[in-house]
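Just so you know, these numbers come straight off a predicted model, no measurement behind them. Numbers for residues simply follow the sequence, beginning at 1.
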Amino acid sequence: MSRLAQTHGLTDVQREILSTVRDFVDKEIIPVATGLEHRDEYPQDIVDGLRELGLFGLMIPEEYGGLGESLLTYALCVEEIARGWMSVSGIINTHFIVAYMLKQHGTQEQKDHFLPRMAAGDIRGAFSMSEPALGSDVSAISSKAVKDGEEYVLNGQKMWLTNGGTSSLVAVLVKSDEGHPEGTAPHKSMTTFLVEKEPGFGEVRPGLTIPGKIDKMGYKGVDTTELIMDGLRIPANRVLGGVTGRGFYQMMDGVEVGRVNVAARGCGVAQRAFELGVRYAQQRHTFGKQIARHQAIQFKLAEMATKVEAAHAMMVNAARKKDSGERNDLEAGMAKYLASEYCKEVVEDAFRIHGGYGFSKEYEIERLYREAPMLLIGEGTAEIQKMIIGRRLLEEYRFQG
């Protein structure tokens, strides 16, 4: 075994893509990631390199200029990228979700207009569902769209947009009462709008403001922002799919594949933490021998490696289930839940192996220790995943008595 988390049954094309991405991570991301992260600097050179590799179009169909690859291929690429620096995987994740939503739910005009430029990386996507007072309760969305002739006027405040500043296309979920009478269930009166804007901060188009970057504990480099709509006018042909009231289902479809992505990120960060831990354990000596020779450290390494393998297997299973066309919310929820929790535990064990040096910014594990917590809440907390898992289990194991 050359390393942990091998994936069996891949095609030659998949193996070639992953080998290329891994080489890029080793040469172009890992050597500079910690310095960029400490400066909270956007990794423009890395992003340009990913664009040249074609990763912004990895799952976009070939007819639109993409590579037409599977969710599994994408997830394995994300795993490799997160192993180098988790923030970079976040930069392509929201872009991928918007492209996926367009591919699955967009009108033909919307696909023709956006997907070729998204595949080339000329248009970069972000998606916006959360709000300041929202949390996990999507039904509590208060941002609203009101029909005005051939346009909609959007008002409200959104929160936690990854790529909020650098993106040029944002999929925004708001309430839309038009065509949905009072008393309609909240999830049936939501609409996704495709909002085009200029990259940057401040007023990026009339009625739309991106105030600035949110200062975070980790997940630095990538811009996380608010989005404020004040009389933002959007033409009716920018309703995703052309019909109002379908936004909740469209977003949940995107989030479902996003959960596979977050699971892949957790796998990648955990793999890197294991690599750092097992390497340091063979470099550090105490009581006359490598600390790796102490039974207590060997136990930690064994537990870490087992968690890396288990999380990877569940992530691969969830991706393959989605690729098969089957419902995968159970598998995606399990993979996201397990991978993010195991990632946190593996990173902490690697941190403990480093001892006092793990607390120093000179060591890479310090950065991973601050990054891992984001995966516990991104694309739904552990509690939300457990609710999804529990409900699906009751559907599958309904007692007939």
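Within a 6.0 Å radius of CD in Glu198, no more than 12 heavy atoms belonging to other residues, nucleotides or ligands are found. Residue Glu41 places its CD atom among more than 12 non-hydrogen atoms of other residues, nucleotides or ligands, all under 6.0 Å distant. Heavy atoms of other residues, nucleotides or ligands lying less than 6.0 angstrom from NZ of Lys216 number more than 12. Counted within 6.0 Å of NZ on Lys103, heavy atoms from surrounding residues, nucleotides or ligands total more than 12; the atom is thus considered enclosed.
The two residues Gly245 and Ser176 come nearest to each other via the heavy atoms N-OG, 4.2 Å. When all heavy atoms are compared, the tightest approach of Ala263 to Ala339 is O-CB, 3.5 Å.
Exactly one residue among Met229, Met129, Met251 makes a side-chain contact (heavy atoms from CB on, under 4.5 Å) with Val172. That residue is Met229. The only option from Arg367, Arg370, Lys361 that meets the side chain to side chain donor-acceptor pair (under 3.5 Å) definition with Glu37 turns out to be Arg370.
Looking at Leu67 and Ile60, their side chains never come closer than 4.5 Å, going by heavy atoms from C-beta outward. Residues Leu71 and Val260 meet the side-chain proximity criterion, which asks for heavy atoms closer than 4.5 Å. Inter-residue side-chain proximity for Arg320 and Glu331 is flagged as unmet; no heavy-atom pair is nearer than 4.5 Å. Side-chain contact check for Ile214 versus Thr225: every heavy-atom pair is 4.5 Å or farther apart. The side-chain heavy atoms of Leu208 and Glu203, taken from C-beta on, include no pair separated by under 4.5 Å. Taking the side chain as every heavy atom from C-beta outward, Glu79 and Met315 approach each other to under 4.5 Å. Looking only at side-chain heavy atoms (C-beta outward), Val170 and Ser128 come within less than 4.5 Å of each other. The shortest side-chain heavy-atom distance between Tyr219 and Thr162 falls under the 4.5 Å cut-off.
A salt bridge links Glu256 and Lys322; the closest N-O separation between the charged side-chain nitrogens and carboxylate oxygens is under 4.0 Å. Ion pairing between Arg327 and Glu395 holds under the 4.0 Å rule for side-chain N and carboxylate O. Under 4.0 Å is where a charged nitrogen must lie from a carboxylate oxygen, and between Arg238 and Glu196 at least one such pair does. A salt bridge links Arg233 to Glu151: one of the charged nitrogens lies within less than 4.0 Å of a carboxylate oxygen. A salt bridge links Arg51 to Asp122: at least one charged side-chain nitrogen sits closer than 4.0 Å to a carboxylate oxygen. Taking the charged nitrogens against the carboxylate oxygens, Lys344 and Glu348 have no contact shorter than 4.0 Å, which rules out a salt bridge. The pair Arg83-Asp26 meets the salt-bridge criterion, since a charged nitrogen lies less than 4.0 angstrom from a carboxylate oxygen. A salt bridge links Glu345 with Lys307: the distance from a Lys NZ or Arg NE/NH1/NH2 to an Asp or Glu carboxylate oxygen falls below 4.0 Å. In this structure, Asp40 pairs ionically with Lys213, as a charged nitrogen and a carboxylate oxygen lie closer than 4.0 Å.
Aromatic ring orientation, Tyr357 versus Tyr363: tilted (interplanar angle from 30° to 60°). Between His354 and Tyr280, the two ring planes are parallel [angle under 30°; tilted spans 30° to 60°]. Between Tyr74 and Phe96, the ring planes are parallel. Angles under 30° get that label, and only those over 60° would be called perpendicular.
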Derivation of the salt bridge (charged side-chain N to carboxylate O under 4.0 Å, His left out) call for Arg392 and Glu396: CA-CA 6 Å; Arg392 286 286 288 115; Glu396 294 293 332; 3.2 Å; yes
Tell me, with the steps shown, if Cys343 and Arg265 meet side chain to side chain contact (heavy atoms under 4.5 Å, CB included). CA-CA 9 Å; Cys343 174; Arg265 285 198 251 179; over 6 Å; no
Trace of the side chain to side chain contact (heavy atoms under 4.5 Å, CB included) decision for Leu76 with Val316: CA-CA 8 Å; Leu76 294 175; Val316 168; 4.2 Å; yes
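For the pair Ser19 (side chain) and Arg15 (backbone), a donor-acceptor distance under 3.5 Å is absent. Using modelled atom types, no side-chain atom of Thr209 and backbone atom of Pro211 make a donor-acceptor pair closer than 3.5 Å. Listed for the Gln298 side chain is a donor-acceptor partner under 3.5 Å among the backbone atoms of Ala292. No donor-acceptor distance shorter than 3.5 angstrom exists from the side chain of Lys175 to the backbone of Ala140, with no hydrogens or angles considered. Side-chain atoms of Lys289 never come within 3.5 Å of backbone atoms of His294 as a donor-acceptor pair (strictly under, hydrogens ignored). Panel note: side chain Ser87, backbone Lys220; a donor-acceptor pair is recorded below 3.5 Å. In this structure, the side chain of Glu364 does not engage the main chain of Arg272 through any donor-acceptor pair within 3.5 Å. The closest donor-acceptor contact from the side chain of Asn261 to the backbone of Asn93 lies at 3.5 Å or more, if one exists at all. Remark: the backbone N or O of Gly231 is paired with a side-chain donor or acceptor of Asn155 at under 3.5 angstrom. Using modelled atom types, no side-chain atom of Asp349 and backbone atom of Lys300 make a donor-acceptor pair closer than 3.5 Å.
Once rounded to the nearest 0.5 Å, the distance linking CZ of Arg117 with OH of Tyr64 reads 14.0 Å. For the atom pair OG1 of Thr107 and CG of Asp112, the computed distance is 8.5 Å after rounding to the nearest 0.5 Å. Atom CD1 of Ile353 sits about 9.0 Å away from atom CD1 of Ile365, to the nearest 0.5 Å. Between the CZ atom in Arg124 and the OG1 atom in Thr94 there is a gap of 9.0 Å [rounded to 0.5 Å]. The distance from atom NZ of Lys336 to atom CD1 of Ile389, rounded to the nearest 0.5 Å, is 10.0 Å. Met159 contributes atom CE, which lies 8.0 Å from atom OG of Ser130 (distance to the nearest 0.5 angstrom).
Side-chain polar atoms of Trp85 and Glu371 form a donor-acceptor pair below 3.5 angstrom. No hydrogens or angles considered: a donor-acceptor pair under 3.5 Å links the side chains of His105 and Asp253. With 3.5 Å as the limit, one finds a donor-acceptor pair spanning the side chains of Ser143 and Glu131. Thr7 and His312 share a side-chain donor-acceptor pair at under 3.5 Å. The closest side-chain donor-acceptor pair between Thr244 and Thr191, if any, does not fall under 3.5 angstrom. Gln157 and Glu226 share a side-chain donor-acceptor pair at under 3.5 Å.
Annotation: side chain to side chain donor-acceptor pair (under 3.5 Å) contacts of Thr306 (sequence neighbours excluded): none. Considering only residues two or more places apart in sequence or on other chains, Ser70 meets the side chain to side chain contact (heavy atoms under 4.5 Å, CB included) condition with Gln14, Leu72, Thr73, Asp323.
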